[in-house]
Protein chains: 4
Amino acid sequence: MTSDKKPDRSRRSERSRRAILDATRALISEVGYAKVSIEAIAARAGVGKQTIYRWWPSKGAVIFDSFLALSEDGSEGEPALPDTGDLEADLKTVMRATAAEFADPEFERPIRALNTEILGDPELAAQYGEKLAGPVEELKKARLRSGQDAGQLAADADLDLVLDMLYSPLTLRWLYRSGPLTPEYADALVDATLRAFRP
Amino acid sequence: MTSDKKPDRSRRSERSRRAILDATRALISEVGYAKVSIEAIAARAGVGKQTIYRWWPSKGAVIFDSFLALSEDGSEGEPALPDTGDLEADLKTVMRATAAEFADPEFERPIRALNTEILGDPELAAQYGEKLAGPVEELKKARLRSGQDAGQLAADADLDLVLDMLYSPLTLRWLYRSGPLTPEYADALVDATLRAFRP
Amino acid sequence: MTSDKKPDRSRRSERSRRAILDATRALISEVGYAKVSIEAIAARAGVGKQTIYRWWPSKGAVIFDSFLALSEDGSEGEPALPDTGDLEADLKTVMRATAAEFADPEFERPIRALNTEILGDPELAAQYGEKLAGPVEELKKARLRSGQDAGQLAADADLDLVLDMLYSPLTLRWLYRSGPLTPEYADALVDATLRAFRP
Amino acid sequence: MTSDKKPDRSRRSERSRRAILDATRALISEVGYAKVSIEAIAARAGVGKQTIYRWWPSKGAVIFDSFLALSEDGSEGEPALPDTGDLEADLKTVMRATAAEFADPEFERPIRALNTEILGDPELAAQYGEKLAGPVEELKKARLRSGQDAGQLAADADLDLVLDMLYSPLTLRWLYRSGPLTPEYADALVDATLRAFRP
DNA sequence: GATTAAACGAGACGGTACGTCTTGTCTTAAC
DNA sequence: GTTAAGACAAGACGTACCGTCTCGTTTAATC
């Protein structure tokens, strides 16, 4: 036990924090997750390595935070999902959009980097669930609940399970690249899921 | 033009190949995926590093092959899935078993290693689909088809979609550690999926 | 433009420098020049390889420096050569000592290592002339000059040539192992040289 | 002691032997001694590595033999040194020629390669003395003896010593690159040596 | 305004692993 | 039984990063 001195958060340089997070995202986009190194981040950010090690426990944590920061200042609170009163139509809209996003090569590298990190680090996985996935999931569940109230979904449907059946196949197909992410596939998932949980 | 000489497959040492694959699996079990290095594999296998680099393009490929070899000589052809005539019961049996396997810490490390590797390498992902996942999927589809014939599944059900809806939520929950892999969850997935595709 | 960053000399670790130089000399003595590797030096010195590559351009340079360091802290300035007033006797004393030193198996390996290195690297050869051979040569010339003043050597004798004729045959015989390094041979060289340059 | 089977000299391929020796010399000229590898020689000669290892004990031996072969078929017996009756003039001619040869960059690399090899391997040094240096030395001594008979050299002069004093300074200056190899230097060596051994 | 203590940039350090290269041995097929 | 070819075990090469550890230098907050 050499030096348990905890850094003083109040004196942290916001300038450095931003530079590190920005450099991280830029590097992921440019060279891909596997080749992002702490040294490269520090050099790119014009920051000493120690400044990174002082505030983050691992490379994964930096990468994770770089996404978190993005979602935090990108949107002040998540936007609600569409609610036209037609659950099926709304879900298809959202699922098709998700499929399109996954297919967009622009997002491919960063999201895949994030997922790889989460896969290997339970700590980050927990944080991911809580900070990133959770809020979005709540929004989705709210829309489902609204559909439930409108009698478009069984009153006793387990909404977490519904979400799983909707999104998991899409997500896994993307992760494993095991099939094309077409609008038709998105629609088929919505149809089947709604059949399973119709009132 | 540096050195485009291709090695001569017919002169490959089977002895070394096995030693490398065995050492790889042993190391993954012992120290976990992240800490497996080519150097460690070579040392453990009593093999020169070059012998690994000569035959495999990447660490991921070695790891992948070590699983492939396991499945190839472990089972001479995959065993058929149970077919008692009751599709629901059989699916629940299989899904519960899958959930249990995922939860077994013994398999945790190796399978997670394999998945991490697949996630970051499209080449391996393709091989995975073809050599490992494909055959198993065919067996599963055969059982579904048998249920279809028995009138327990809609005649026009897209069996790939059925499989996705059954297994994806389970797999993703395991990958992301986003929830417990209980028999109840397995059962719920089977119930919902069968509802979606009942005749 | 890969990495033109020059290391900062002022921050160099004296501790590591000494450890490297010491380890180098020890290894040369123990296993011989040909088998000294950078890896072995680093391991022996308890130092990262990069610390060697950071400060020395080649293995030869390390070896050379290990000798330089020896001569620098071994003697605070070279000791003067004997000057009894009898040039012939003094030269014979020194030449016999040189012959004996060459014949001493203790010095054999290190000096031969140094010589091999110098032979293949003009850069080091220049440094050798300047830093190691030069100072000693000056002392020898000083003694010759004193002999010249005493009328024991021709006033117009080229002292560099005198030194060459004295030492080169001895040195070359040692390098090539082309003959025994006896006191008689040393004496004969002194006699012949003094005859050639007598007043 | 695994396989002491000695190869059968009578079945040796002369074609391969020549190809190896030629390739060796060519490589030394082109890339310099330090970068000549057995692999490169074998590839260049169109020969299996084992064919080299079967007939030569070390890389040095191959290099040495490549020179030996050169001197053997280049000249069927060494040419006699000039003997005009004027020893001083003849020696100056020969010494100036030697100095010029040393200075010729064409010969620089090969001869230096040979010397480096000899320096580190007593076995080769002995062979060098016997097969390459010896014969030439005998010729030189023959010329000296002729001068002795003509009364231009002391009758009791040790001819080996005379040769050493003539050639060693030149050779060493070349090896160490410690000074220019001018005709003047050659002349000065001859002058001084003849002074030392005049009748 | 001067003092002072922590965060900072920079980068040297001991290490691990990389992927390449060469060595000397061993194996195979052609002749 | 020698040869060309080349796979093999071994291990050094020089490079890239790791995470830790000084170094001066800002930069605030306290005096």
Side-chain angles (χ1 to χ4, degrees), chain A residues 2-3 5 7-13 15-16 19 35-40 42-43 45-55 57-59, chain B residues 2-3 5-13 15-16 19 35-40 42-43 45-55 58-59, chain C residues 2-3 5-13 15-16 19 35-40 42-43 45-55 58-59, chain D residues 2-3 5 7-13 15-16 19 35-40 42-43 45-55 57-59:
Chain A
T2 32
S3 69
K5 252 180 255 162
D8 177 348
R9 272 173 203 289
S10 71
R11 305 195 49 175
R12 180 170 188 182
S13 159
R15 201 180 171 290
S16 295
K35 292 191 177 170
V36 173
S37 65
I38 297 266
E39 301 227 313
V47 137
K49 282 200 288 177
Q50 199 56 34
T51 302
I52 299 180
Y53 284 112
R54 181 154 33 229
W55 301 111
S58 69
K59 187 171 76 170
Chain B
T2 32
S3 68
K5 289 221 200 87
K6 288 163 231 159
D8 178 347
R9 273 173 204 289
S10 71
R11 305 191 49 180
R12 182 169 187 180
S13 160
R15 204 179 170 290
S16 296
K35 291 191 178 173
V36 172
S37 66
I38 298 266
E39 301 227 312
V47 137
K49 281 198 290 177
Q50 200 56 44
T51 301
I52 299 181
Y53 285 112
R54 192 171 8 245
W55 302 111
S58 67
K59 188 171 76 171
Chain C
T2 30
S3 66
K5 292 225 197 80
K6 288 163 230 158
D8 179 346
R9 274 173 203 290
S10 70
R11 304 190 47 183
R12 182 169 188 178
S13 158
R15 203 178 171 289
S16 296
K35 292 191 177 172
V36 172
S37 65
I38 299 266
E39 301 227 313
V47 137
K49 281 199 287 176
Q50 202 56 45
T51 302
I52 299 182
Y53 286 112
R54 184 155 31 232
W55 302 111
S58 67
K59 188 171 74 171
Chain D
T2 34
S3 70
K5 250 178 262 165
D8 177 347
R9 275 174 202 289
S10 70
R11 306 195 50 176
R12 180 171 187 180
S13 159
R15 201 181 170 289
S16 295
K35 292 190 177 172
V36 173
S37 66
I38 298 266
E39 302 235 307
V47 137
K49 281 198 293 175
Q50 197 55 38
T51 303
I52 299 180
Y53 284 112
R54 186 159 22 236
W55 300 110
S58 69
K59 187 171 75 171

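Below, all heavy atoms of this structure are taken into account, side chains as well, without hydrogens, waters or symmetry copies. Quick note on labels: first sequence line is chain A, next is B, and so on, each numbered from 1.
- Of all the heavy atoms in I52(D) and V47(D), the pair that sits closest is CG1-CG1, 4.2 Å.
- Heavy-atom nearest nucleotides on DNA chain F were determined for A40(C) and for V36(A), and the one closer to the 5' end corresponds to A40(C).
- The separation between I52(D) atom CD1 and dT22(E) atom C1' is 13 Å, rounded to whole Å.
- Judged as a side chain to side chain donor-acceptor pair (under 3.5 Å), and not counting sequence neighbours, the contacts of S13(C) are S16(C).
- Dashed line: the shortest gap from a side-chain N or O of T51(B) to OP1 or OP2 of dA9(F) is under 4.0 Å.
- Across K59(A) and V36(A), no two heavy atoms sit closer than the pair NZ-O, 2.9 Å.
- Y53(D) has its OH atom 18 Å from the P atom of dC8(F), to the nearest Å.
- Atom CD1 of I38(D) is separated from atom P of dA4(F) by 14 Å (rounded to the nearest Å).
- OP1 or OP2 of dC8(F) sits under 4.0 Å from a side-chain N or O of W55(B).
- Listed nucleotides dA12(E), dT22(E), dA9(F) differ in distance to P7(C); the shortest reach to its side chain belongs to dA12(E).
- Taking only side-chain nitrogens and oxygens, S16(C) comes nearer than 4.0 Å to OP1 or OP2 of dG14(E).
- Whole-Å rounding puts the E39(C) CD to dG11(F) C1' distance at 8 Å.
- With hydrogens and angles left out, the side chain of K49(B) and the base of dG19(E) share a donor-acceptor pair within 3.5 Å.
- Inter-axis angle, ends of the helix from dG1(E)-dC31(F) to dC31(E)-dG1(F), five pairs per end, rounded to 10 degrees: 10°.
- Using a 4.0 Å heavy-atom distance criterion, S10(B) is classed as making no nucleic acid contact.
- Heavy atoms of R54(B) sit under 4.0 angstrom from at least one base atom.
- In R15(D), the CZ atom is not crowded: 12 or fewer heavy atoms of neighbouring residues, nucleotides or ligands sit closer than 6.0 Å.
- Side-chain atoms of R12(A) and base atoms of dA7(E) include no donor and acceptor less than 3.5 Å apart.
- Between the P atom of dT20(F) and the CZ atom of R11(C) lies a distance of 17 Å, rounded to the nearest Å.
- With rounding to whole Å, D8(B) atom CG is found 13 Å from dA4(F) atom C1'.
- Across dA12(E), dG9(E), dC17(F), the shortest atom-to-atom separation from the side chain of S37(A) is found for dC17(F).
- The base of dC8(E) is not paired with the side chain of Q50(A) by any donor and acceptor separated by under 3.5 Å.
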